[in-house]
Q: 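My structure is below; once you've seen it, I'll send some questions.
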Amino acid sequence: MRSFLGRDILSLRDMERAEYFRVFEVADELAPVARNRRNTDLLANKTLLTAFYQPSTRTRLATEAAMHRLGGHVLGFSDAKMTRAGDFYQESIKDTVHMLEYYGDVIAMRHFQQGAPHEAARWATVPVINCGDGWGEHPTQVLTDLYTILRECGTLDGLHFMCIGDMRMRTMHSIGYAMSQFDIEATFISPPDMSLTEEFKQELRDLNVRFREAPAAADAIGDADVIYMEPVVQADYTRSRDEAKEDKGLTPPAYQVTRELLRDKARSDAIILHSLPRMDELPADVDATRHARYWEEAFNGVVMRMALLALILGAME
Ligand code: CP
């Protein structure tokens, strides 16, 4: 197994099965710190730099919270538009990270351009964590999701996922790659204009991922151990910021998971994950059902980032 020390976390395409389990072991070890709302001094002499060029509630704050839990320091853009990358100069990723690497020991980057964290990693002498790049990938979210499934289902093998939503989403790409390392079958459901690209489907076939596509949640939910959701009414992730529209539109019933659908068609022990934020595809009254696991997923988001930071910065081997 490759060491995580000093490693960039850019994509799950090349992460191996044993590496997933090592991250999950470290997460288990560190989880009590977060659960008991304590801080440790594991990374007391390290600094995290968050370079977010796109809005975020969870990913940025969970990564920052993780660093605080480990006793490290945190600094980051208050608003990318108030940096030289976001004003008149449109400073390049290369020049920007040549600065940032002097200010911190690891860079957590979210960007509206697919591949921007990879470009940052080419030039930075410190590790770069991809916190979401355009329609590209979202590795730390999907590591969080898999960790949640492992905790909730006791295994990552022998499971059937129903992945529903906009298949252009970065989480859908990262989870597709991750599935190749486990005995997971998937059914993908999306509106036709948001479906998996032929290129990505070929990539999944080349990685021996077993999947099919279905037109509506009702057609596939009965097979699902894990219901993995994203909105279909959502922002354009290739833009730095997409303002709220007056009429955002509604999610067609085919892409919604409602309490009624769960009652009538879902397996009794199926669990729902949603990286959030949500629109109307997941009504709030589902929160009180036994299927909802997205708040546990949110807590695990801190734990997972603690594990990654501890491994990348050498506090854990
Ligand atoms: N799930 C997720 O990436 O949320 P944020 O956009 O709030 O970080």
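As the structure lists them, so they are numbered: ligands from 1, and atoms in each ligand from 1.
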Q: List the residues meeting side chain to side chain donor-acceptor pair (under 3.5 Å) with D236, not counting sequence neighbours, and say none if there are none.
A: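 Applying side chain to side chain donor-acceptor pair (under 3.5 Å) to D236 gives T238.
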
Q: Taking all atoms of both residues into account, what is the closest heavy-atom pair of T63 and T59, and its distance?
A: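 Here T63 and T59 meet closest at OG1-O, 2.6 Å.
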
Q: Centre-to-centre under 6.0 Å for Y53 and F77, is that the case here?
A: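 Yes.
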
Q: Select all protein residues for which some heavy-atom-to-ligand 1 distance is less than 4.0 Å, and list them by chain and number.
A: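 For ligand 1, the contacting residues are S56, T57, R58, T59, R110, H138, Q141, S275, L276.
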
Q: Tell me every residue that passes side chain to side chain donor-acceptor pair (under 3.5 Å) with S180, counting only those two or more places apart in sequence or in another chain.
A: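 S180: no side chain to side chain donor-acceptor pair (under 3.5 Å) contacts found.
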
Q: For D105, which residues count as a side chain to side chain donor-acceptor pair (under 3.5 Å) partner, sequence neighbours excluded?
A: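 Partners of D105 by the side chain to side chain donor-acceptor pair (under 3.5 Å) criterion come out as none, since no residue qualifies.
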
Q: Could you tell me whether a side-chain N or O of D183 sits under 3.5 Å from a main-chain N or O of D157, the two making a donor and an acceptor?
A: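 Checking the backbone N and O of D157 against the side chain of D183, no donor-acceptor pair under 3.5 Å is found.
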
